[in-house]
Amino acid sequence: MIENLNAKNKDFFEHVFQVVKLIPSGRATSYGAIANYLGSSRGARMVGWAMNASHQFPGIPAHRVVNRNGLLSGKMHFPSPDSMQTALEAEGVIILNDQIQDFEKIFWDPSQELKLP
DNA sequence: CTAATGACAAACT
DNA sequence: CAGTTTGCCATTA
């Protein structure tokens, strides 16, 4: 249980959730991209950890977050392993062999789309 | 307090 | 070019 969420940790979580929630339908982003947007280029694992915690937060489309290869690395962590792929396909994302096709096409970079004015 | 793990990524061999 | 290893940051044992 994430009960010891200190303000410092929560901040990271909220940033991740904010970005993930802003991902448009039919698009996907990578852990590294989010981490980079948060300033932690090597914090991709923390993003993944945040995703693991996102299960207790509603409105977190974690199925739109995949690894840099477009592979549904976290599908196994969903309620149903196929839930992630199904959700993405429902949004028009083509998935083959648990991997997003044309990932660079649907890739949604927060640092590029949410770039500061 | 030290060691090991992880929904990753980049560097090295 | 492909496979292996290290690094990052935080959590858990």
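In what follows, chains carry the letters A, B, and so on, assigned in the order in which the sequence lines appear, proteins first and then strands, with residues in each chain numbered from 1. All values derive from a computational prediction rather than experimental measurement.
- Both Phe78(A) and Leu88(A) are assigned to one and the same hydrophobic cluster, defined by single-linkage of ILVMFWY side chains at heavy-atom distances under 4.5 Å.
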Would you tabulate the pairs of protein nitrogen or oxygen atoms and nucleotide nitrogen or oxygen atoms of nucleotides 1-4 of chain C closer than 3.5 angstrom?
none

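- One finds the CG atom of Leu72(A) at 8.0 Å from the CG atom of Asn67(A) (value rounded to the nearest 0.5 Å).
- Take Asp98(A) and apply the salt bridge (charged side-chain N to carboxylate O under 4.0 Å, His left out) test, not counting sequence neighbours, and it matches Lys75(A).
- Across the protein-nucleic acid pair, Arg45(A) atom CZ and dT5(C) atom P stand 15 Å apart, rounded to whole Å.
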Determine whether Ser111(A) and Asn36(A) satisfy the following criterion, side chain to side chain contact (heavy atoms under 4.5 Å, CB included), listing intermediate values before the conclusion. CA-CA 8 Å; Ser111(A) 178; Asn36(A) 188 2; 5.5 Å; no

Pair up each side-chain donor or acceptor in residues 19-35 of chain A with any protein partner under 3.5 Å, not counting sequence neighbours, and list the distances.
unit_1, atom_1, unit_2, atom_2, d
Thr29(A), OG1, Trp108(A), O, 2.9
Ser30(A), OG, Ala33(A), N, 3.3
Tyr31(A), OH, Val65(A), O, 3.4

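- Across residues 72-80 of chain A, Ser73(A), Gly74(A), His77(A), Phe78(A) each have a non-hydrogen atom less than 4.0 Å from an atom of DNA chain B (numbered order).
- The main-chain N or O of Pro79(A) is never found under 3.5 Å from a side-chain atom of Ser83(A) such that the two would form a donor-acceptor pair.
- Among pairs with a residue in residues 81-101 of chain A, none fulfils ring pair (Phe, Tyr, Trp, His ring centres under 6.0 Å), at least two apart in sequence or across chains.
- If you measure from atom CZ of Phe12(A) to atom P of dT11(C), you get 10 Å, rounded to the nearest angstrom.
- By the criterion of side-chain heavy atoms lying less than 4.5 angstrom apart, applied directly or through intervening Ile, Leu, Val, Met, Phe, Trp or Tyr residues, Phe107(A) is grouped together with Met84(A) in one hydrophobic cluster.
- Against DNA chain B, the stretch residues 61-71 of chain A makes heavy-atom approaches under 4.0 Å through Ala62(A), Asn67(A), Arg68(A).
- Partners of His77(A) under the ring-ring contact (aromatic ring centres under 6.0 Å, His included) rule, at least two apart in sequence or in another chain, do not exist in this structure.
- Chain A approaches DNA chain B over the interval dG6(B) to dA10(B), counting the first and last nucleotide 5' to 3' with an atom under 4.0 Å from its heavy atoms.
- Atom CG of Asn52(A) and atom CZ of Arg45(A) lie 13.5 Å apart (nearest 0.5 Å).
- For residues 57-73 of chain A, every residue pair satisfying the salt bridge (charged side-chain N to carboxylate O under 4.0 Å, His left out) rule, not counting sequence neighbours, is listed here: Arg64(A)-Glu91(A).
- With values rounded to the nearest 0.5 angstrom, Leu38(A) atom CG is found 11.5 Å from Phe13(A) atom CZ.
- The shortest distance between side-chain heavy atoms of Ile60(A) and His55(A) does not fall below 4.5 Å.
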Between side-chain atoms of residues 99-106 of chain A and protein atoms elsewhere (two or more places apart, or another chain), which donor-acceptor pairs fall under 3.5 Å?
unit_1, atom_1, unit_2, atom_2, d
Gln99(A), NE2, Asn69(A), O, 3.2
Gln101(A), NE2, Gln99(A), O, 3.1

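- Between the P atoms of dT6(C) and dA3(B), the separation comes to 16 Å (whole Å).
- Qualifying side chain to side chain contact (heavy atoms under 4.5 Å, CB included) partners for Glu89(A), counting only residues two or more places apart in sequence or in other chains: Gln85(A), Ile95(A).
- Residues from residues 22-33 of chain A lying near DNA chain B, meaning a heavy-atom separation below 4.0 Å, are Ser30(A), Tyr31(A), Gly32(A) in numerical order.
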